[in-house]
Peer 1: 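Here it is, the structure, as structure tokens.
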There are 2 protein chains.
Amino acid sequence: MATIREISEKANVSIATVSKVLNGKGSVNEKTRQTVLQVARQLNYRPNLNARNLKSGQSRTIGIITEDLTVFNAPEIVDGIAAACDEAGYHYILGNLRFYKRYGNGQKDLKESNALVHAAVNGMLSKQVDGIIYIGCHSHIVVSLSEHTEPKFVCAYCISKDENIPSVIYNDEKAAYDLTEILLNYGDRRIGMITGPLDSSHTANRTRGHQRALFDHGVPYDPCLTFVGDWERDSGYALAEKLIAAGVTAIFAHNDLMAVGVLDYCNEKRINVGRDLRLIGFDDREVASVCRPRLSTAAPPLFEIGQAAAREMLSILAGNKASEQNIMLDCSIIERESTLGSKP
Amino acid sequence: MATIREISEKANVSIATVSKVLNGKGSVNEKTRQTVLQVARQLNYRPNLNARNLKSGQSRTIGIITEDLTVFNAPEIVDGIAAACDEAGYHYILGNLRFYKRYGNGQKDLKESNALVHAAVNGMLSKQVDGIIYIGCHSHIVVSLSEHTEPKFVCAYCISKDENIPSVIYNDEKAAYDLTEILLNYGDRRIGMITGPLDSSHTANRTRGHQRALFDHGVPYDPCLTFVGDWERDSGYALAEKLIAAGVTAIFAHNDLMAVGVLDYCNEKRINVGRDLRLIGFDDREVASVCRPRLSTAAPPLFEIGQAAAREMLSILAGNKASEQNIMLDCSIIERESTLGSKP
DNA sequence: ATATGAAAGTTAAACGTTTTCCTAACTCTG
DNA sequence: CAGAGTTAGGAAAACGTTTAACTTTCATAT
């Protein structure tokens, strides 16, 4: 690999001059500038970032830690971060904890997972990152991050328990509100809801949004039309029966998978979803546009979450204060045949 | 950030000694070793990799370039690479070209995309990576990589046009053979096939595997039972009609999406897939386990491809010769209700 | 003619490591 | 006790940059 010194020799100038040309700093004669540039190109010169970063003491790099690149919507978020970094001339490095592959969903060993996060953070600090963005949903892990006070942290897709770490999340409640409003605008008054487990903050937020929409439209909330699911398809199937028996004209399921379960039930019972029953899910996973009728749902702004997290980080690194509030982005509301009726 | 020098001062030894302790090289008295270690821990010391890599001239890092992290099965492959790297104590950095987001599937501007790849490669070389793994499916781009001869290259998920670049791919033909054999073992003799477009190597390979299986089982191949699709659901739907009219008892679609199209047709016509007609797809995308009946299909070994690519790279970096042949991994054959009949 | 200052370059130190070579002290061996 | 070998540790150079401080040159203003 060609170095700055080789260029300086070939071009008959000092290495300082070469450095100036390459960085566009200081004043150098246009002719020498051209010569240097030409020699550099000819030698196929590429700066050694290790040397540059070492000397200048800054890497213009942010670290991204994902709990698991292959679950959740991590790739989209990483993509958003990457886009924002590219735009700003920053670099990024990825650390993939491979959490779920390692432990399954059970997270059997908290100690071990903490160690994993610590190791990843330390590794990134060794690489002199300016800040770290954490993508995941386990705030108990995130908390352990804050012990390391040196670099800047930002959480994406989760709320950090630590007040000092800004978080970028999506607005569950508003999306649930908007989805419910779709149903209300169609005239539905008896709307069933299948929630996620009660210990999930998503469940709480989505329920709140739903109730608020009902309230704003003067429709009383009937607790008998709400059942608690477990995010899985089967629970959607099972609860669909109860809700339909209760005479609902629409169902809002807290995720697409449970909505598909409802769909299964309706298909079996020859209930025409979209006409006789309106159905709404949440998440916009692939299944939502693959099932028939396709599901109306809310798509979390994953790319934008990544982008916003990166921008927040860059802003902090530029010396600005971190946002006081968590940054909350809106979901896209996607209406499909499950509320529209069959394809036009 | 604490440095080696600070440790040396606190511990009253030279920096050389500290370095030796930290790297476990040279001989140092057990007592001083402990002191140094303790001071290091106390100062929360983390080695500066920029300095280390600069001095030692090697980074133990490989670069990963993905055409687009959010399409294809890139995340799984990256995951496999990451796992192999972790295992070997190597680092990796990710470069996401965001190809499809930028250009859509059309790749309107080859010049520009080449520039993109070059920039990514140059960036990685600046970071002193020892080698680069390219994940994607556009060999024309990969070819442009080989102009850069300095680092080692490995292709994952695609075959490089350049003979010198080893590639890790999955065995399309064998998977198609095995899938067809499932049908043959059920006694199917009139098997319809819906292929991908004719200019795809997948189409050629899968067709070959299919024909070979028929041949080995003494079943003549009937060209009238093969139709060319376009990977999309609608083509599966349309061609299902023709094949069923032709009296097939089973259909092998070259991907899951077209198979789901077949399923749509069958559901509409009340043909019981799994009992009256056996159906097989390819790819094991999410849809395959979401549709009803669930699809029998072949799952490309994505994680393993990443892992193998990384291992090949590490082997090359260790001084071994690159594999003569492309490395070909088998798909997992997954049998579900679309060939098994309804759920037990 | 002299002073001022900008322009164009250079010198050399520094960033935090690793590593080669060196020295001193000790322990064997015969 | 001399020589050899081992152990423990240190001094200093080097990796490829950036950058502060400096020098030289030359145009311009007084």
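These numbers come from the heavy atoms of this one structure, side chains and all, not from hydrogens, waters or symmetry mates. In the text below, chain A, chain B and the rest are named by the order of the sequence lines, each starting its count at 1.
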Peer 1: Is it true that A:Arg98 and B:Asp79 make a salt bridge, defined as a side-chain N closer than 4.0 Å to a carboxylate O?
Peer 2: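 Judged by the 4.0 Å cut-off on N to carboxylate O distance, A:Arg98 and B:Asp79 do form a salt bridge.
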
Peer 1: For DNA chain D, determine which residues of residues 54-62 of chain B have any heavy atom closer than 4.0 angstrom to one of its atoms, and list them numerically.
Peer 2: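 The stretch gives B:Leu54, B:Lys55 as the residues lying under 4.0 Å from the strand, ordered by number.
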
Peer 1: Among A:Leu69, A:Ile81, A:Ile77, find the one that has a side chain to side chain contact (heavy atoms under 4.5 Å, CB included) with A:Ile64.
Peer 2: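 Looking at A:Leu69, A:Ile81, A:Ile77, the match for A:Ile64 under the side chain to side chain contact (heavy atoms under 4.5 Å, CB included) is A:Ile81.
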
Peer 1: Report the distance from atom SG of A:Cys155 to atom CD1 of A:Ile305, rounding to the nearest 0.5 Å.
Peer 2: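 The SG atom of A:Cys155 sits 12.0 Å away from the CD1 atom of A:Ile305.
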
Peer 1: Enumerate the residues from residues 11-23 of chain B whose closest heavy atom to DNA chain D is under 4.0 Å, giving them by residue number; use none for an empty result.
Peer 2: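 B:Val13, B:Ser14, B:Ala16, B:Thr17, B:Lys20 - these, ordered by number, are the residues of the stretch whose heavy atoms sit under 4.0 Å from the strand.
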
Peer 1: Quick one, B:Thr61 and B:Lys127 - any side-chain contact, counting heavy atoms below 4.5 Å?
Peer 2: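 A side-chain contact under 4.5 Å is absent here.
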
Peer 1: Identify every side-chain donor-acceptor pair in residues 88-95 of chain A under 3.5 Å, counting partners at least two apart or on other chains, and give the distances.
Peer 2:
{"from": "A:Tyr92", "atom 1": "OH", "to": "B:Asn96", "atom 2": "N", "distance (Å)": "3.0"}

Peer 1: B:Gln128 CD to C:dT17 C1': how many Å, rounded?
Peer 2: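 It works out to 15 Å between those atoms.
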
Peer 1: What distance do B:Asn50 atom CG and A:Gln58 atom CD have between them, rounded to the nearest 0.5 Å?
Peer 2: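 One finds 11.5 Å between CG of B:Asn50 and CD of A:Gln58.
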
Peer 1: Atom OH of B:Tyr134 and atom OG1 of B:Thr66: how far apart are they, to the nearest 0.5 Å?
Peer 2: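 B:Tyr134 OH to B:Thr66 OG1: 8.5 Å, rounded to 0.5 Å.
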
Peer 1: Rounding to 10°, can you tell me the angle the first-five-pair axis of the helix from C:dA1-D:dT30 to C:dG30-D:dC1 makes with its last-five-pair axis?
Peer 2: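 Computed from the C1' atoms at both ends, the axes differ by 40°.
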
Peer 1: Please examine the side chains of A:Arg33 and A:Val36, heavy atoms only from C-beta on, and report whether any two atoms are closer than 4.5 Å.
Peer 2: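 Not touching, per the 4.5 Å side-chain cut-off.
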
Peer 1: For residues 24-37 of chain B, which residues have at least one heavy atom under 4.0 Å from DNA chain C?
Peer 2: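 Hits under 4.0 Å, by residue number: B:Lys25.
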
Peer 1: Going from CD1 on A:Ile65 to CD1 on A:Ile132, what distance comes out if it is rounded to the nearest 0.5 angstrom?
Peer 2: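 Answer rounded to 0.5 Å: 4.5 Å.
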
Peer 1: First and last nucleotide of DNA chain D in contact with chain A, 5' to 3', at under 4.0 Å to a heavy atom: what are they?
Peer 2: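 The contacted stretch runs from D:dG16 to D:dT19.
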
Peer 1: Among B:Met313, B:Gln325, B:Glu312, which residue satisfies the side chain to side chain contact (heavy atoms under 4.5 Å, CB included) criterion with B:Pro166?
Peer 2: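 Testing B:Pro166 for a side chain to side chain contact (heavy atoms under 4.5 Å, CB included) against B:Met313, B:Gln325, B:Glu312 leaves exactly one candidate, B:Glu312.
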
Peer 1: What's the spacing between B:Ile316 CD1 and B:Asn320 CG if we round to 0.5 Å?
Peer 2: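 Reported to 0.5 Å precision, the distance equals 9.0 Å.
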
Peer 1: Would you give the length of the straight line joining atom CG of B:Leu37 to atom CD of B:Glu30, rounded to the nearest 0.5 angstrom?
Peer 2: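 It is 9.0 Å, given to the nearest 0.5 Å.
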
